[in-house]
Amino acid sequence: MSVYDQVSATRGRHGGRISAAAGYLAANPATAICFGVLLIFVLMAVFAPLIAGDPVKIDPAERLTGPSASAHWGRDHLGRDVFARAVYGSRMSLLVGFSVAAIATVFGVAIGIYAGMSRVGGAIAMRLVDAMMAIPAILLAIAFAALMDAGILTVIIAISIPEIPRMVRLVRSVVLGVRQQPYVAAAISIGTGGLPLVWRHILPNTLGPVLVQATYACASAIITSAVLSFLGVGTSPEVPSWGGMMADARSFFRIHPELMVYPGVLLSLLVLVVNVLGDRLSDALDPRKMVRGSV
Amino acid sequence: MLGYVLGRLLAAIPIFILVAIFIFSLVHLTPGDPAVLLAGDNANPQQVEKIRERLHLDEPLIVQFGIWAGNALQFDLGESIYSNKPVTQLIAQRIEPTFVLAAVTLFLTVAIAVPLGVIAAWRANGWIDRGIMAFAVLGFSVPVFVIAYLLVYFFAVSLRWFPVQGYKPLSNGLLTTLHSVTLPSIALALVFAALIARVTRAAMLEALSENFTRTARAKGLGTFRILVIHALKSAGIPVITVIGIGFATLVGGVVVTESVFNIPGIGRLTVDAITRRDYPVVQGVILFFSALLILINLLIDLSYALFDPRVKG
Amino acid sequence: EEVLRLRLNGDINTLDPISTTNFTIRNAAYLMYDTLFALDSNYEVQPQMAEGYTLSDDGRVYTITLRDGLMFHDGSPVTGADVVASIQRWGKVDGLGKILFSKLQSIEAPDDKTVVLTMNEPWGQVIPALGKISSNVPVIMPASQAANDPSEAVANPIGSGPYKLLPDEWVPGSIAVFEKFGDYVPRDEPADMAAGGKVAHFDRVELVYIPDTATAIDALIAGEIDWIEEVPADMLAFFEGADSAKPIAARQSGNSMQLVVNHLNPPFDDPKIRHALQWAVEQKPFLQAAYGNATDRYLECAAVFFCDTPYATDANTERVLNRDVDKAKALLEEAGYDGTPVVLMHVTDIPAHDAYYSVLKPMLEEAGFVVDDQPSDWATVATRRASKEPVADGGWNLFFTGWGFVDQSNPMTNVYVAGDCDNGWFGWACSEELQELRKQFAEAEDPEVKKALAEKMQILTHDLVSYVPLGQSFPSQGIATNLEGFIESPVPFFWEVQRTQ
Amino acid sequence: MTSRAPVADPVLDVRNLSLEFADRDKVTFALDAVSFSVGEGEIVSLVGESGCGKSVTAMTIMGLLPKHGARVTSGSALLRGRDLLQTSEREMRRIRGDRIGMIFQDPMTSLNPVHTVGMQISETIRKHRRVSRRAAEKRALEMLDLVRIPDAASRLRAYPHELSGGMRQRVMIAMALACDPELLIADEPTTALDVTVQAQVLDLIADLRRDIGMSVVLITHDLGVVAGVADRMMVMYAGRIVEQGPTEKLFADPAHGYTAGLMRSLPGVNARMHDELREIPGSVPRLDRKIEGCVFAPRCEFSSQSCLAPLPRAQERAQGHWTRCIHADAVCEAMSDNDIVRAWA
Amino acid sequence: MTGYLVLDNVGKTYTLKPSKIGGAVRHVHAVDGVSLEVARGETLGLVGESGCGKSTLAKLIMHLEVPTGGRVVIDGVDHSRLRGPALKQARRNFQMIFQDPQASLNPRMKARAIIGEILGNYGKASSQRVDELAALVGLGDFHLDRYPHQLSGGQCQRIGIARAIALDPGLIIADEPVSALDVSIQAQILNLIGRLRQQLDLTMVFISHDLSVVSHVADRVAVMYLGRIVEIGRTESLFRNPRHPYTRMLLEAVPQPTPAKRHARAAVSGELPSPIDPPSGCHFRTRCAFAGDECSSKVPVLRPADSPHMVACHKAETIASSLNMNVA
Ligand SMILES: Nc1ncnc2c1ncn2[C@@H]1O[C@H](COP(=O)(O)OP(=O)(O)OP(=O)(O)O)[C@@H](O)[C@H]1O
Ligand SMILES: Nc1ncnc2c1ncn2[C@@H]1O[C@H](COP(=O)(O)OP(=O)(O)OP(=O)(O)O)[C@@H](O)[C@H]1O
Ligand SMILES: [Mg+2]
Ligand SMILES: [Mg+2]
């Protein structure tokens, strides 16, 4: 046993990781702040109508006017309330981020576990995954979003498609590892097989890395959706989105930089928070990360 | 070795076929009739029909795919609907800027990220580490176009150090070219470096926690030698791997940066082709990128041998 | 080596101004092609490649002589045969050209220097048609190229103008390069809009395609390019404090924006509902959305042939200029509008269009229309607008487009007054009366008669609602301050212009 | 234990060494007043169960503990009189690999897989001796010969994965001995090896000690190994040395409940088959709080109430034989009919 | 065949992917034609060095791997013919105790669930039975509400044992059940296994690399070398009178805490060959002082030395005489 193994053994190698992780998060002020910020974003999205005015109402006569009582952050080139758009924009980002994470996780885990458990089916699935991975993700997303009818569903699907193979690969590699674990052999030898084996033994021990990957998928989906909006292949420009706001604002960047700064900062903050939480989660789930040798 | 390379190339064929099918169906099952687009404002249905025939758009999809794939095998990716030029020629015309951009970015990235990752791992959990990791997470969290606009604003518009846009071909001299791609490369490198610095750090931490690091320390070796000769070399494989994976991300970044900086590379060609429904170009370009990625991954696999004698042939 | 770098509004994918009416291509084509006749700044037709012409006494035979020294970029001389072939090709696609050819008995080149057009009957528009400044411009190309089907672009275009295309350096989507054509012989007269001597002062002209306008303006100010075709009103502020470039208001190249209505699909197959549409919209918000407070850049205008032009009139503009939601609702009620959704192909990749759609939707909804807003890009709309199918099968109801002053101000080239039904421009508004009026206009000589006919056309057009005019604008161009000799014109020309020493 | 060195003029003299690991909310008292010394040319063995602090002791001497978290709370480790714990990292780098060589348990992972064996040996030499690359390689070759690696010349260019486990461990030894250290610390050098290979490696260490005359600290958990090669042994339990003395003495006359428990729980070849083994009940204590009394008392069959009182001084039972057990006599008595003890007696 | 467990010429070959760029596919004969029988109630010890195929053999018996040759028959049933529910039913009759106690327990399940799982699989779920089993292996019920990482290695191994005996199997395979445990815990587990074996009348295969442990628990011992059984016989007989030179070498090499062994160790020679490309004929010949031509060309088969003691060595007789001379 190495020193690390011992430390991890005392820390708990696998089991009760979630509760351990929760405790770890609680003991970490930076993490708590990130959680708080994320929560604020979620509340902002949920209660947008209570916080902000109409994000789509245009008022050309008032365009590009500065902050006022009716529009805290001023108005954009169509006279829309920037604050309202920013608040409602969180809906788009969170929706895309979480949906993509969820879709990638569900499909990724299902296919990944299948690929990890079945020899022939796995090989076929992996060839497909390889093929999809061979197409640059953002090109796939742009092509898909541009060629289909624009809409939030299209965007979510467009971003999920390249995200799934990554998850599949990850899950499969973890499953292949878990499958080698003696406790799986033990489970088989006591007559557990098929779905119960997967459900009781494989799946729970795969979730840690999956969760981490899901947060990264969420963060990168938020960015990708902004990039799509920026390139003009995202959702309807009417639907408030931060990427779209920035795309609109780029013409005015020199005169009204704040139009780009507001959504930009919000976007980066959200992505940052999700990324940090992902990092923390992966730290929390990996006992090795807690003790590090130094030179 | 040669056999291995050939084997790998052979193994890439089914992947490539799948990619081709995938791209083809994606492009052809989506709405928008390129023939009408091509025919222009004042075309009559007969003209549209003629164009449709010329492009085989009236054949069943399978036949279209067969024709396309058959030609693609002979490096004929068809003609652009938009400019009527062979897709291969369009790609060839635009390889240089993209290649230069990617190469400079890669150089900057490695030059920035690897030392940062090494230092962060060396000073793990200290302030330097936190600073570097904060930079890394930030680099991840800011969309590349935002970075690009900020760079343009400060270094091109305000300070006038670099051009606002455009690309100066190598025929104007290497320095001119480098000058013209500095800003876009930095924009891309910041994002890319964030990824690689993180992975370098993680791989270094892994290597530093290995028993052989303990051995090296027990031998009385100095920090530099431990970090670079022992740890970094064995951390080479994950770092190289992620550089390879990062290439796919880089392609995405290239698309955006080329648009912002108006660099006439393949990324721009791609975006333009997609918005113009220029199907042959879309197919050709994505196919090109996929082939490139497959090739890069092969190179990366081969380069493993540089770092790990266990995979040497 | 002196290089002139220009940023046009769009990219060029061909340089054949016959195969398309695309303005960007028209503008680029002027660099390399020459025309027989050309408009001067008084909108008078002057000979350009032609030395001059004679008209037979019966007014039917035009004998045009070519200048000496005309030469194509491939080194071959320009002959009468080339001119004949070029004009024939143009006549197959251009609106005015088609009319000319319908009245033409023959066109031939008795020798290398002469072209003879024989009309069936006298027609005053022959020389104006050949001196047409805007799309499709009757440019002269070698007979071999003119043999091409006019709907297909000439692959390696050869012109006889002051600049010569360098096809090897042309990267579609990025740059098109021209070099000074050393053998070009300009006319002796001073340059006067499209007419007069076309003296090339630059060794090289590069058309740089920079899609992002903000970037383009930055590049202009940084001296990376010399000229921008259009500076959006909002971005005029970029030039504040910059001494390297300035915006110039392009009074001559006014534009108008239109909401085009598809007459084939419900609900706008019903004239009453089309009138309701007129009541439902007003121009100001659109103009504000696009030009903001720059009130000197736009004009509310419902004149079919542009305001401040000979045929401008305010006849029958009440519904167009005024918004009355109640009247719109009443009309909808009367027409028994069943809530058929109006599909908006919301163009998102052109900022002005994007803004227009955003403004339109709430206006329509307020007036009682049901709106289905479908985000899309211009390329898709450009495709879809050609469809005569029902909406469900890829057809459409409304889209925005813009036309320039030169085209709109002339009843012979204005697409909205054609009434050509199925053969007409998108929207396929159908009116035999309009067709008849246009015929009469072509034959009329007397300015007063013409004016009266134009007014009748406007009245009919607004009743028919082939489109809803959304006002007129005067975009600015951006130009480097070290350029002089820039010709003010509805079409940008780049001869004469040179760098100050 | 006392701070007096059991041997005169020791190469290494560890005195009263205590060490804790502090990790956020948790403290581990890993070493508690560990004292021992190693004489010239002596093989001294440190035995004890997993986690009792053997490696930590070695790492402390080498100055290889993690910078953060580990804290030496008392004591010193004198290498020929020089306190290693007070020596700067710079200086320690000169000592490590030169005056003290160290080999580790797992030869599979303790060699860097991406460098040749020759490079890894000559690197050490070049670090500590001002010699040319050529000379260093020559020396590396000699060392491989010394540790009986067949065809040494070609093995210099081999990578670790091309060698068997036993050969790798011998390379490790060659590396540790390359600069003629005064002291070799071997942390479980054979645990990962098969018995037959283990035998070879142990023989090698014993032979080298004889030929080169260095001192060896041999860490192991296997009493058999100790019995085979060690001159003296220290038995460690839960961060403390509970008994130490000459090997024969300690086997013949075990005087601590833990030592006794170990000997009794061994299923020996001589033990009768299927007999119940004598168990040591319970399990190793956690080290997250300071234990005043005897750490082994809760599991000890000889323990009494007085064992829980603060620990008595170590008693010397015979020349160099020390124990921390207050019931040493009872233990001795009870063990007199143990197979192992009888074999040594 | 009379044995409760019968292995008939069982083999398992693994195909390895090339580990190098451009390397060739290689095969490992992890288990190579092993035949043996274990009678009801008997304990067979299986010893051998790392990589000799002990665990593979265990997995073959447990039907966790499918043999590439031969048959495994347990209580008259050849499981390789069974599929699905029939296999599941058959499985309850043979159970395994694993080497790494903690790793063989699902880290996300509490001890109670782990023991309960096997009962549930066969429709016998009962918390009472779980408590019973826990008591049987010496665990309190508070242990049952802990996750594996909250238990010590010895406690984990007890749970592993409780799970293995939950349904009164006829056969137990113990694959190095104590080698991951501390010496002081090892005795506890060995005693527990010994007790249960008696109480439940278990047939057992006990695998270890530690000869002293095997000698303590086994009735008979089989020695494996690179996939093959080289010697098998009653424990005392084998330890007292080893016939195969490898067995001898093993016994000599084991460090004993006795002074007799101190400086009189027989030289162990040669390197352990790689199982990927083992020597031809007798695998041991490269390290064997007695090896002759015959040894490199012919694979030695197990043959009786003095029944039931069998040895696979061409030179067994020569060695026996020299050995006697030495000992004498
Ligand atoms: N870096 C560390 N941080 C915290 N605790 C540590 C660290 N290193 C070791 N420990 C603790 O110190 C104690 C002694 O560990 P050590 O490695 O010396 O044991 P050992 O006797 O070498 O055991 P083994 O036989 O398993 O190698 C253990 O309880 C261990 O958990
Ligand atoms: N799944 C597998 N794929 C390929 N080779 C394998 C596999 N499992 C085992 N082997 C090989 O088969 C041989 C026998 O392995 P096995 O695990 O049975 O040995 P063992 O005697 O149990 O060794 P140890 O004492 O180390 O546990 C080894 O060389 C091993 O590398
Ligand atoms: Mg240790
Ligand atoms: Mg094993």
Side-chain angles (χ1 to χ4, degrees), chain A residues 2 4 127-128 130-149 161-162 166 216 219-220 222-224 226-227 230-233 242-243 246-247 250 253-254 257 260-261 264-265 267-276 278-279 288-289 291-295, chain B residues 12 14-19 21-23 26-27 29-32 121-125 133 137-138 140-146 149 153 157 205-206 208-209 211 213-214 217 223 226-227 231 247-253 255-256 259 270-271 274-275 277 282 285-286 289-291 293-294 297:
Chain A
S2 74
Y4 289 115
R127 289 289 81 70
L128 282 170
D130 283 346
M132 279 176 73
M133 297 275 285
I135 305 175
I138 198 139
L139 287 193
L140 198 59
I142 295 176
F144 195 83
L147 300 181
M148 292 305 221
D149 289 332
I161 288 178
R166 288 189 216 183
Y216 293 145
S220 86
I222 294 172
I223 291 223
T224 309
V227 168
F230 182 81
L231 292 174
V233 291
W242 293 334
M246 285 192 265
R250 77 180 126 167
F253 181 62
R254 296 277 300 284
M260 194 181 270
V261 169
V265 167
L267 175 76
S268 298
L269 186 64
L270 175 60
V271 176
L272 186 84
V273 159
V274 175
N275 266 330
V276 170
D279 280 358
R288 284 187 64 138
K289 291 246 171 87
V291 228
R292 289 165 176 140
S294 54
V295 179
Chain B
I15 295 183
F16 210 59
I17 292 174
L18 281 172
V19 169
I21 294 176
F22 197 77
I23 298 167
L26 177 73
V27 165
L29 297 178
T30 47
W122 173 38
R123 288 272 172 247
N125 292 338
M133 282 306 105
V137 183
L138 206 66
F140 257 29
S141 309
V142 182
V144 62
F145 58 83
V146 173
Y149 271 106
Y153 186 75
V157 174
L205 280 181
E206 185 87 30
L208 289 178
S209 73
N211 288 340
T213 305
R214 190 179 58 183
R217 295 176 66 204
T223 306
I226 293 176
L227 283 177
F247 246 104
T249 323
L250 188 61
V251 168
V255 169
V256 176
S259 291
T270 313
V271 175
I274 288 174
T275 46
R277 298 286 187 285
V282 174
V285 169
I286 298 187
F289 273 127
S290 304
L293 284 193
I294 290 175
N297 280 324

Under 4.5 Å from any heavy atom of chain B - which part of [X]:
X: A/Leu270; result: neither
X: A/Met133; result: backbone
X: A/Ile142; result: both

Note: vs chain B, highest number of non-hydrogen pairs under 4.5 angstrom among A/Val276, A/Ile138, A/Ile135 is A/Ile135

Given the options A/Val274, A/Val271, A/Val273, which has more heavy-atom pairs under 4.5 Å with chain B than any of the others?
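Heavy-atom pairs under 4.5 Å are most numerous for A/Val271.
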
Heavy-atom proximity to chain A below 4.5 Å, by part of [X]:
X: B/Leu138; result: both
X: B/Ile21; result: neither
X: B/Val157; result: side chain
X: B/Ile15; result: both
X: B/Pro143; result: both

Do A/Ser268 and B/Val146 make a side-chain contact, defined as non-hydrogen atoms from C-beta onward lying under 4.5 Å apart?
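In short, these two side chains do not touch, never coming nearer than 4.5 Å.
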
Between A/Ala143 and B/Ile286 the two heavy atoms that sit nearest each other are CB-CD1, 4.3 Å

Closest non-hydrogen contact found for A/Ala134 with B/Val19 is CB-CG2, 3.9 Å

Residues in side-chain hydrogen bond (donor to acceptor under 3.5 Å, both in side chains) with B/Ser141, at least two apart?
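A/Asn275.
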
Measuring from A/Leu139:CG to B/Ile274:CD1, what's the distance to the nearest 0.5 Å?
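Rounded to the nearest 0.5 Å, the CG-CD1 separation comes to 6.5 Å.
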
Out of B/Phe22, B/Tyr149, B/Phe289, B/Phe16, which one racks up the most heavy-atom pairs below 4.5 Å with chain A?
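Max contact count across the listed options: B/Tyr149.
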
Chain A contacts, top residue of B/Asn297, B/Thr270, B/Val282, B/Leu293 (heavy-atom pairs, under 4.5 Å):
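That would be B/Leu293.
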
